[in-house]
Amino acid sequence: MNAQLSEEDELFIIDIKVNLQQFIDEMNGLFSDVAKSNTNDLPKIERNLKSLEVRWDMYYQMQMGAVSDDSIPKMVAAYELLKQAINDTITLRKHRQDLTQKFNNAERYILSQDTTYQNLYDTVIKLSLVKMLGSELEIKKGNEQLLFAEIEKNYALANASAEEESSLKGRMSKLKEKYVTLKILSQKIQAAEYKSFFQRIKDYLLGIAAIAIILMFINMAQAKIKALKQARENAKKYKDLFNKKDDNIPCI
């Protein structure tokens with residue numbers, strides 16, 4: 001202690017230390033609770049923390065003004081550090097909870113568009129068969145553009161959440177597959193347009209021809225690779241045979 005204190009002052013300081021230790025013990029208990037809590041427990045922990053802070057503020061204002069003992073500030077600092085650690089933990093838990101909720105909402109929205117998009121694609125294909133329905137086709141394509149813009153918005157939100165919250169990365173990988181599927185359907189819908197029956201037949205035949213040409217090039221490439229591989233094997237066999245003959249020549 002900084003100066004000689006009366007017995008009454010010493011008892012007063014001891015009483016304050018006991019009370020401060022009780023506050024610290026309560027704060028330690030809350031710290032233990034928040035460390036092992038789930039998101040559903042946070043509201044109760046926050047209420048308990050708020051109640052403890054109110055009692056602490058009242059006690060501190062009434063009792064701590066005239067205290068000069070050197071150990072008291074250390075106990076106050078320990079209490080404040082625990083309180084800050086609890087608040088930081090709660091803030092982090094809430095942020096992670098918010099990220100997960102945003103991801104859940106975005107995931108739910110994107111997955112719910114599967115049937116919607118398939119129906120929209122089927123409708124657009126049917127409309128593209130009739131020239132007189134061209135205006136309705138363009139309306140459907142416009143609606144699809146707005147719909148896919150919302151899908152992209154939700155996908156970006158989900159991706160941003162997964163970047164911060166590592167536990168979401170596995171779900172993000174599956175969501176990406178669904179997003180790509182919807183994007184392909186979107187491109188097909190936007191490419192839909194009226195074509196005459198003969199034009200469709202022509203496109204179909206051209207598609208078959210293109211596939212045939214690609215297969216032909218693949219077969220040619222495979223044949224060249226096979227021939228090159230065979231040539232290398234023959235060269236190796238010839239080299240081995242030549243070396244074997246050289247070994248049979250007697251030395252002088």
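Counting only heavy atoms from C-beta outward, the side chains of Lys94 and Glu46 approach each other to under 4.5 Å. The shortest distance between side-chain heavy atoms of Tyr117 and Lys183 does not fall below 4.5 Å. Residues Val34 and Leu42 form a side-chain contact, since some pair of their non-hydrogen atoms from C-beta on lies under 4.5 Å apart. In this structure the side chain of Leu157 never reaches within 4.5 angstrom of the side chain of Asn105, judged on heavy atoms. Within the 4.5 Å cutoff, the side chain of Gln21 has heavy atoms near those of the Ile24 side chain. Counting heavy atoms from C-beta on, the side chains of Asp41 and Lys44 never come closer than 4.5 Å. At least one side-chain heavy atom of Glu150 sits under 4.5 Å from a side-chain heavy atom of Lys153.
Atom CD of Glu164 and atom CG of Asp98 lie 9.5 Å apart (nearest 0.5 Å). Here the NZ-CD distance, from Lys169 to Glu163, works out to 4.5 Å after rounding to the nearest 0.5 Å. For the atom pair Leu30 CG and Glu53 CD, the distance stands at 9.5 Å (nearest 0.5 Å). The distance from the CG atom of Leu20 to the OH atom of Tyr59 is 5.5 Å, given to the nearest 0.5 Å. Note that CD of Glu26 and CG of Leu52 are 5.0 Å apart. Values are rounded to the nearest 0.5 Å. Taking CD1 of Ile72 as the reference point, atom CE of Met75 lies at 6.0 Å (rounded to 0.5 Å).
Contact check on Glu165 versus Lys102 returns no salt bridge, with no Lys/Arg side-chain nitrogen under 4.0 Å from an Asp/Glu carboxylate oxygen. The pair Glu107-Lys178 fails the salt-bridge criterion, with no side-chain N (NZ, NE, NH1 or NH2) lying under 4.0 Å from an Asp/Glu carboxylate O.
With hydrogens and angles ignored, the 3.5 Å screen pairs no side-chain donor or acceptor of Asn159 with any backbone N or O of Tyr155. With Ser32 contributing its side chain and Gly29 its backbone, the two residues share no donor-acceptor pair below 3.5 Å. Checking side-chain atoms of Ser51 against main-chain N and O of Arg47 turns up no donor-acceptor pair under 3.5 Å. Under a 3.5 Å cut-off, the side chain of Ser186 and the backbone N or O of Leu182 do not form any donor-acceptor pair. Within the 3.5 Å criterion, the main-chain N or O of Tyr109 finds a donor-acceptor partner in the side chain of Ser112. Side chain of Thr181 to backbone of Glu177: a donor-acceptor contact under 3.5 angstrom is found. Proximity of a side-chain donor or acceptor of Lys141 to a complementary backbone N or O of Ala192 within less than 3.5 Å is detected. Without hydrogens or angle criteria, Asn19 side chain to Asp15 main chain gives a donor-acceptor distance under 3.5 Å. Remark: the backbone N or O of Asp88 is not paired with any side-chain donor or acceptor of Arg93 at under 3.5 angstrom. Using a distance-only test at 3.5 Å, with no hydrogens or angles considered, a donor-acceptor pair links the side chain of Thr100 to the main chain of Arg96.
No path of Ile, Leu, Val, Met, Phe, Trp and Tyr side chains, each step under 4.5 Å between heavy atoms, connects Leu81 with Tyr60, placing them in separate hydrophobic clusters. Under the 4.5 Å side-chain contact rule for hydrophobic residues, Leu127 and Ile139 do not share a cluster. In terms of hydrophobic clustering, with Ile, Leu, Val, Met, Phe, Trp and Tyr side chains grouped at heavy-atom distances under 4.5 Å, Ile125 and Leu147 are assigned to a common cluster. Both Val76 and Ile86 sit in one connected hydrophobic cluster of ILVMFWY residues. Membership requires side-chain heavy atoms under 4.5 Å apart, directly or through other members.
The two residues Leu175 and Ala158 come nearest to each other via the heavy atoms CD2-CB, 3.7 Å. Considering every non-hydrogen atom in both Tyr121 and Lys188, the closest pair reads CE1-CB, 3.7 Å. Minimum heavy-atom separation, Phe103 to Leu168: CB-CD1, 3.8 Å. In plain terms, the two heavy atoms of Ile110 and Ile151 that are nearest each other are CD1-O, 4.1 Å.
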**OP:** Could you walk me through whether Lys126 and Glu136 pass the salt bridge (charged side-chain N to carboxylate O under 4.0 Å, His left out) test, one step at a time?
**Re:** CA-CA 11 Å; Lys126 291 177 182 177; Glu136 293 186 35; over 6 Å; no

Subject >> Verdict with reasoning, Thr115 to Gln118, per side-chain contact (heavy atoms from CB on, under 4.5 Å) >> reply: CA-CA 5 Å; Thr115 302; Gln118 190 58 55; 5.8 Å; no

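Taking the six-membered ring where tryptophan is involved, the planes of Phe148 and Tyr179 are essentially parallel, since the angle between them stays under 30° and well short of 60°.
No option in Lys83, Gln22, Glu80 other than Lys83 meets the side chain to side chain contact (heavy atoms under 4.5 Å, CB included) test with Met27.
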